[in-house]
Amino acid sequence: MGSAKEKTNAPYSSVKLVPLPPKIHFMENSSIRVRFAPSPTGPLHIGGVRTALYNYLFAKKSGGSFILRIEDTDQNRFVAGAEEYIVEAFNWCGIEFDESVTKGGEFGPYRQSERKEMYSEYADMLIQSGNAYYAFDTPEELNNIRKQLEAEKKTFTYDAVQRTLLKNSLTLAASEVEELLEADTPFVIRFKMPADQIIVMEDEIRGRVEVNTNVLDDKILFKSDGMPTYHLANVVDDHLMKISHVIRGEEWLPSLPLHVSLYNAFGWDKPKFAHLPLLLKPDGKGKLSKRDGDRLGFPVFPLQWTDPVTGEVSRGYREDGYFPEAFINMMALLGWNPGDEREFFSLAELVEAFSIDKVGKSGSRFDQEKAKWFNHHYLVEKSNDELVSLFLDVLKEKNVDPGQKDLNYIVGLVKERVNFVSELWEQSSFFFEAPSEYDPQTVKKRWKTDSFDQMKELKIMLGEVQDFTSENTEKVVKAWIEENEYGMGTIMNAFRLLIVGEAKGPHLFDIIEVIGKEDTLDRINCGLQVLGKKEAN
RNA sequence: GCACCGUUCGUCUAGCCAGGUCAGGACGCCAGGUUUUCAUCCUGGUAACACGGGUUCAAAUCCCGUACGGUGUACCA
């Protein structure tokens, strides 16, 4: 990636440079393998969906594989149904995995809890090679030290200096360590971060990043409960699963030096890394969170989610009426652009157009208005037939019997006016039901002194029309208007008021054709009775 | 605190790597047009290079600094 900004840090005189690993060149695209690795601790956030989407696009663009790996190494944070939710969410989005917990694959298992045994082996390898060590400090002990140092306005880090003062296999005699282990004393395994090195990393989006290992600490790789931490598990699995590119959220950038160090310690080739910018709150500061959705009234999750413990319900894009293609299109453009002025992309077109170096560096805010605009676009593009089948559900909910009415035609007349299928009803209810009331604003504006007599006249005249097609009624009514030298607007607006109940809706003659002659005359009658003759004043 | 990342219209962004454009597009908003209403649609408008230095004939673009923001700093991922 050419936009890498060279960063000329102050020279570290006594520091040796860790050379960059040899560049991995992929001779064939089939060696491109990427993964999305969520933790099943709840519903998948849309930021996660976007990360997965970019991974997917990247893989498919190059004919590579896209893998779903469940990172469930924290047993305390297990949430029932979260994994199923993740699978269902991508299903809805139309994003398919080549290897996953449900689909399997030759690099399984794809759930880290099921790979438990192998991690300790790799942790042991690091201990053998001197890159890791046992630590017996209890969380309480460490917390106390932390508090103590905080009181002195210092920060505690388990680093090259502190580890010499703590209870671990570097400070204890070998026999003591042996004893502790045999006595089943709880322990963790920590990475022995080398001192005085500059870790040089190449990020596909941000370019070169350098970090001095002296500011890094000895992260826990293996927990006392027998499970690895994310750091160990993701490096081991990415290596074992032959992951070629790690594309993940920017929140992982600070731990990249650790991961790179782990690859170095294992002596493994590194994948390439790309850290995606975050999704931000639409207002204020910070990254988008669940609360923002509740507060601002838009979904933060692809699908609705009911918390299994509290029963709390979080809305989803699907349930809010977004089409998956609109959702995907919108998400894709939040942080990436095609380099030209196209805005509408199907998934397949995204695959074609996607490129990692067109991904931006800065976080983006979600814009609900634009999201609606995308949905409107896809709704209008849909065939009337497809919309009718969706609209039928709405009618059922409203307990409306469409009878013999041509729903296909009706939907076609009003679809331009809505963003969501659910809005179709309020734009078409008058096709099915006579107005139950007349909008006061419209009455005030459109129901003139002469309206009563004119509409009465109109009723009589329409009653004589045999051919009640839109075309014919329009011809007849317009001729009548001209003949009597009435105002076109005056008549039509009053007429619309009686038929629709307010100032909205498509071409009036199209409406009366659908509701038919009888209903039309009834509605005029009813309106005349309710509205009466407005007195001149 | 420390480390790292970032900063172009209200929002998403192009342009930056290979300095020279009236800084382009889209959403929104505003105005006008079309129209029997509303919406759509069409036309036009509004509005941005965080700040300060430096390099250069010329800086949104390259360099340095500042400010602001974000992320990380857990036996979470």
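Quick note on labels: first sequence line is chain A, next is B, and so on, each numbered from 1.
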Practice prompt. Send over the distance from A:E204 CD to B:C17 C1', rounded to a whole Å.
Written response: 15 Å

Worksheet item: RNA chain B: A:K445 or A:K370, which has the more 5' nearest nucleotide?
Response: A:K370

Discussion item. Using atom C1' in both nucleotides, what's the gap between B:G15 and B:U61 to the nearest angstrom?
Written reply: 8 Å

Discussion item. Strictly under 4.0 angstrom, non-hydrogen atoms only: write out the protein contact profile of nucleotides 70-77 of chain B, one letter per nucleotide from the 5' end, B, S or -.
Written reply: SBS--BBB

Fill in: Between B:C49 and B:C22 - C1' atom distance, rounded Å
15 Å

Discussion item. Just the rounded figure in Å: distance from P of B:G28 to NE2 of A:H377.
Written reply: 14 Å

Item to complete: Counting heavy atoms from C-beta on, name the nucleotide in B:G6, B:G25, B:C27 closest to the side chain of A:D367.
Response: B:C27

Worksheet item: How would nucleotides 29-35 of chain B be written as a contact map, 5' to 3', with B for base contact, S for sugar-phosphate-only contact and - for no contact, using protein heavy atoms under 4.0 Å?
Response: -------

Worksheet item: Centroid-to-centroid, A:Y317 to A:F327, below 6.0 Å?
Response: yes

Fill in: Test of ring centre spacing under 6.0 Å for A:W373 and A:F344
yes

Worksheet item: Between A:R146 and A:F156, is there a donor-acceptor pair closer than 3.5 Å when you use the side chain of the first and the backbone of the second?
Response: no

Response to the item:
Rounded to whole Å, the CZ-P distance (A:R342 to B:G25) equals 18 Å

Item to complete: Round to the nearest Å and state the distance from A:K361 atom NZ to B:G15 atom P.
Response: 10 Å

Discussion item. Looking at A:Q197, is its backbone amide N or carbonyl O close enough to the side chain of A:T213 to form a donor-acceptor pair, meaning the two atoms are under 3.5 Å apart?
Written reply: yes

Discussion item. Which nucleotide, if any, forms a Watson-Crick or G-U wobble pair with B:U40, using both distances under 3.5 Å?
Written reply: none

Worksheet item: How close or far is atom P of B:C17 from atom CG of A:D203, stated in whole angstroms?
Response: 20 Å

Worksheet item: Mind checking the C1' distance from B:C75 to B:U71? Whole angstroms is fine.
Response: 22 Å

Discussion item. Output the rounded distance in Å from CD (A:E341) to C1' (B:G15).
Written reply: 11 Å

Worksheet entry | By side-chain contact (heavy atoms from CB on, under 4.5 Å) - contacts of A:P109 (at least two apart) | A:E114, A:R115

Worksheet item: Between A:W252 and A:H259, what is the ring plane arrangement, given parallel below 30°, perpendicular above 60°, and tilted in between?
Response: tilted

Worksheet entry | Ring center gap for A:W336 and A:Y54 short of 6.0 angstrom | no

Worksheet entry | Nucleotide opposite B:C9 in a Watson-Crick or G-U pair, distances under 3.5 Å | none

Worksheet item: Do any side-chain nitrogens or oxygens of A:K358 fall under 4.0 Å of OP1 or OP2 in B:G15?
Response: yes

Fill in: Paired nucleotide for B:U34 [Watson-Crick or G-U wobble; both distances under 3.5 Å]
none

Worksheet item: Centres of the A:F420 and A:W425 rings: under 6.0 Å?
Response: no

Practice prompt. Using the C1' atom on both, measure B:C9 against B:A23 and round to a whole Å.
Written response: 10 Å

Discussion item. Please give the distance between the P atoms of B:G52 and B:C68 as a whole number of Å.
Written reply: 16 Å

Response to the item:
Mate of B:G65 across any strand shown (Watson-Crick or G-U wobble, both atom pairs under 3.5 Å) is B:C51

Worksheet item: Between B:C4 atom P and A:L276 atom CG, what is the distance in whole Å?
Response: 21 Å

Discussion item. Under 3.5 Å for both donor-acceptor distances, Watson-Crick or wobble: does B:C57 have a partner, and if so which one?
Written reply: B:G20

Practice prompt. Rounded off to whole Å, could you give me the NZ-to-C1' distance for the A:K281 and B:G69 pair?
Written response: 13 Å

Discussion item. Tell me if the aromatic rings of A:Y133 and A:F191 count as close, with their centers under 6.0 Å from one another.
Written reply: no

Worksheet item: If we take the P atom in both B:C76 and B:C63, what is their distance in whole Å?
Response: 41 Å

Worksheet item: B:A77 pairs with which nucleotide, Watson-Crick or G-U wobble, both distances below 3.5 Å?
Response: none

Discussion item. Angle between ring planes, A:Y85 versus A:W305, binned at 30° and 60°: parallel, tilted or perpendicular?
Written reply: perpendicular

Worksheet entry | Among B:A26, B:C5, B:U36, the nucleotide that comes nearest once only the side chain of A:H507 is considered | B:U36

Practice prompt. Apply side-chain hydrogen bond (donor to acceptor under 3.5 Å, both in side chains) to A:D137 and A:N168, showing your working.
Written response: CA-CA 7 Å; A:D137 322 276; A:N168 54 52; 5.0 Å; no

Worksheet item: So, are A:D450 and A:K448 salt-bridged, with charged N and O less than 4.0 Å apart?
Response: no

Worksheet item: Say you pick atom C1' in B:G10 and the same atom in B:C30; how far apart are they, in whole Å?
Response: 14 Å

Practice prompt. Using ring-ring contact (aromatic ring centres under 6.0 Å, His included) as the criterion, list what pairs up with A:H275, not counting sequence neighbours.
Written response: none

Practice prompt. Tell me what A:G360 touches on the nucleic acid: a base, only sugar-phosphate, or nothing, going by heavy atoms under 4.0 Å.
Written response: nothing

Worksheet entry | Residue-phosphate contact under 4.0 Å: A:N337 side-chain N/O, B:A14 OP1/OP2 | yes

Worksheet item: If you measure from the P atom in B:G70 to the same atom in B:U11, how many Å do you get, rounded?
Response: 15 Å

Item to complete: Tell me what A:P277 touches on the nucleic acid: a base, only sugar-phosphate, or nothing, going by heavy atoms under 4.0 Å.
Response: nothing

What nitrogen or oxygen pairs link the protein and nucleotides 39-46 of chain B at under 3.5 Å?
residue : atom : partner : partner atom : Å
B:A39   : N3   : A:R417  : NH1          : 3.3
B:U40   : O2'  : A:E416  : OE1          : 2.6

Worksheet item: Quick one: side-chain contact (heavy atoms from CB on, under 4.5 Å) partners of A:A371, sequence neighbours excluded?
Response: A:Y322, A:M330, A:F366

Practice prompt. Assess whether one donor atom and one acceptor atom, taken from the side chain of A:R365 and the base of B:U11, lie less than 3.5 Å apart.
Written response: no

